[in-house]
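The structure appears below as structure tokens.
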2 protein chains.
Amino acid sequence: MNKDQSSGSNQAVLLDLGAVIATVTVDEPRVLLVGPEELNSRPRLPSGPFDPDSDRTMEEGLRRWVTDQTGLNLGFVEQLYTFGDRFRDPDARAGGPRSISVGYVALVRQSAAKRPAGSDWFDWYRLFPWEDWRNGIPAMLENLLQPKILSWIDGGESSKARKGRQERADVAFGFSDAGWDADRVLERYELLYEAGLVAETVTDGRIKTGFDQSDAHTLTGLPLHQDHRRILATALGRLRGKIRYRPVIFEVMPADFTLLQLQRAVEGLAGAPLHKQNFRRLVAAEGLVEPTGQFSSETGGRPAELFRFRPGVVRERPAPGVRMPRGKRTK
Amino acid sequence: MNKDQSSGSNQAVLLDLGAVIATVTVDEPRVLLVGPEELNSRPRLPSGPFDPDSDRTMEEGLRRWVTDQTGLNLGFVEQLYTFGDRFRDPDARAGGPRSISVGYVALVRQSAAKRPAGSDWFDWYRLFPWEDWRNGIPAMLENLLQPKILSWIDGGESSKARKGRQERADVAFGFSDAGWDADRVLERYELLYEAGLVAETVTDGRIKTGFDQSDAHTLTGLPLHQDHRRILATALGRLRGKIRYRPVIFEVMPADFTLLQLQRAVEGLAGAPLHKQNFRRLVAAEGLVEPTGQFSSETGGRPAELFRFRPGVVRERPAPGVRMPRGKRTK
DNA sequence: CAATATATGCTCAATTTAAGTATAAGTATC
DNA sequence: GATACTTATACTTAAATTGAGCATATATTG
């Protein structure tokens, strides 16, 4: 067995740091993308170099270039995944050093979310229309995607292959008893990719299945550069899981907020509707927030009390977060 | 903002793939380490090169060298974290390309867990004695560690620093109301590292606080090469979280097993005791297992029925795993 | 003032969880 | 082969949590 560092066969690779920078503004979850510079090019995730000489850690490096380039001040930052598949970049498959990207998710406060030059905030569900269940099952999922997924299943070569596809689709899209699991964002995107139902599939030169490239955007969301939508899917799944047991949602909230604002932010990321009275009971019982004594009358009805995050909760609860029902097929 | 690939300032780094290969044999969770070759050297995680030319994906690369070098056939494999801090390798801090390690966790079945040449299976809790709560709070935590942590808190420079340390310790070690959260393995290790309470601290040339290096092993567990114990802490935390909502525990079980064997495996990884009757009710109710009709009489008492994993559960439950009480300070 | 909007307090049944009691079916010991 | 001991498994019960809805409070709008 090798001694790791002494193994001589390591090859140098190029490493960059990619950032999924997310926030929630007025009910809508958003993500920062570098707008397409030319016609025919696609939006991409912001990314920067990792400079081993000046950056002590990768996270520091990330924070440095994000601040330099966007002026944003990142709050919560978490490493997501390291992407190194050969087919990440369809145009540069052969030769040259492999490009590896260490992906991070970061959250910024909605108030701080100005618009850096060259980039823009995109609604998350413009990229993943099938993930937005806040008003019940998305029409595009029921009418467009589901039939296409079914015919993808039927298109399996052998009966065994079809069974495998069926099971994957059942789990990912909750066609079976398990119902919709909001966290399985990546599984769903990967299935759509393999089924040829997102525009990226065709670009990557894979077999094209049951999909008309021409109006891809309107059908299955905005395609991004290379594998960036895949990275975003990873990030969304991670965030959705995380709000359930860590108080990360407060990273996107202003200092004071009403409970409905908080609920809308959670619903935005979770992609699911929540029962209002229970939600308020829950955040109160969990001790996540405390009243400020101030009231906001911008709500249109009875003024809502303003609350603030109560940091002490992390010392009181083992896993403080917003409990919500999992996998309920509300419809 | 940069176009990622076109940014010219990326520097080449050396990338290797590290593997935390875990299993559970007869109640004890174990991890595969490459034994110390020389006196004074420490056990290390197995790792191998990433060869961009022959490996399509990093996971494939990992599986390849693990099979080549150990003969083990990995089941569950999941990317863990990418470690790239400058101080990973205390002996090579200046100059030369940065060494980056993409860490993976893998599980192998206990039956397949033979002992590859040059490496050996180590009890997980030999490395993390404070993590084993299966018989209540570990004596070493209560008698040795806790007092030292308290004096580390008191040793803070300012009152603000002390308060910060207090809070960190409260959360990580459950001194406050929240109680012990089995998942926070990394937070605990990092605190011990910073407090100078593990042998690695001294090696890394940091300030040594309240710790006698000479008998480090017996006091705070077996130290490993470089930051490898830190990587293991990350892995253990991840596995503990994962068994709760994904049926990964079956990756270490033989095809047929008794419910007590299953319980022991879960307890081993979780580091916590479970209520026997509730455990069986739970795995049954969740549909995780099905009876084989066979019985085992090796149990010493009434023969236990053998069960097997029921894969169908993933289609029926949104998050099939072993539910267990979180953060109960059993004592 | 009526209509309407949001905020917030409270109830209630269903479900889940935690913990314990009781019983079954073997092995070991004398 | 009676007795003690071990493990397996079924069942009971109280407490806590969850899901859903009803009722009331306090604002704005016309």
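Every chain is numbered from 1, with letters handed out A, B, ... down the list of sequences.
- Nucleic acid contact class of B:Leu260 (heavy atoms, under 4.0 Å, all strands): sugar-phosphate only.
- Between the CG atom of B:Leu259 and the C1' atom of D:dA10 there is a distance of 13 Å, given to the nearest Å.
- Of the two residues near DNA chain C, A:Leu306 and B:His275, the one whose nearest nucleotide lies more 5' is A:Leu306.
- Ion pairing between a basic and an acidic side chain is recognised when a charged N comes within 4.0 Å of a carboxylate O; B:Glu316 and B:Arg310 show such pairing.
- Looking at heavy-atom distances under 4.0 Å, A:Arg281 makes contact with a base.
- Taking atom CD of residue A:Glu286 and atom C1' of nucleotide D:dA16, one finds them 13 Å apart after rounding to whole Å.
- Nucleic acid contact class of B:Gln277 (heavy atoms, under 4.0 Å, all strands): base.
- Taking a cutoff of 4.0 Å between a charged side-chain nitrogen and a carboxylate oxygen, B:Arg264 and B:Glu28 do not qualify as a salt bridge.
- To the nearest angstrom, C1' of D:dG19 lies 16 Å from CZ of A:Phe279.
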Using the rule given for side chain to side chain contact (heavy atoms under 4.5 Å, CB included), can you reason through B:Val171 versus B:Phe175, listing the C-alpha separation, both sets of side-chain angles and the distance that settles it, and then say yes or no?
CA-CA 7 Å; B:Val171 173; B:Phe175 296 152; over 6 Å; no
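- In this structure, A:Lys276 reaches the C:dA7 phosphate: one of its side-chain N or O atoms is under 4.0 Å from OP1 or OP2.
- Residue B:Arg323 contributes atom CZ, which lies 10 Å from atom P of C:dA18 at whole-angstrom precision.
- In this structure, the CZ atom of B:Phe257 is 16 Å from the C1' atom of D:dA8, given to the nearest Å.
- Remark: B:Asp120 engages B:Arg115 in a salt bridge, criterion side-chain N to carboxylate O under 4.0 Å.
- Counting heavy atoms from C-beta on, the side chains of A:Val322 and A:Tyr245 never come closer than 4.5 Å.
- Separating the CG atom of B:Leu282 from the P atom of D:dT9 is a distance of 16 Å, rounded to the nearest angstrom.
- The interatomic distance linking A:Arg264 (CZ) with C:dA7 (P) rounds to 8 Å, in whole Å.
- Per the geometry, CD belonging to A:Glu298 stands 12 Å off P belonging to D:dT28, to the nearest Å.
- Place B:Pro303 and A:Asn278 on DNA chain D by their nearest nucleotides, and B:Pro303 ends up nearer the 5' end.
- Remark: A:Arg302 is not in phosphate contact with D:dA25, judged by side-chain N or O atoms under 4.0 Å from OP1 or OP2.
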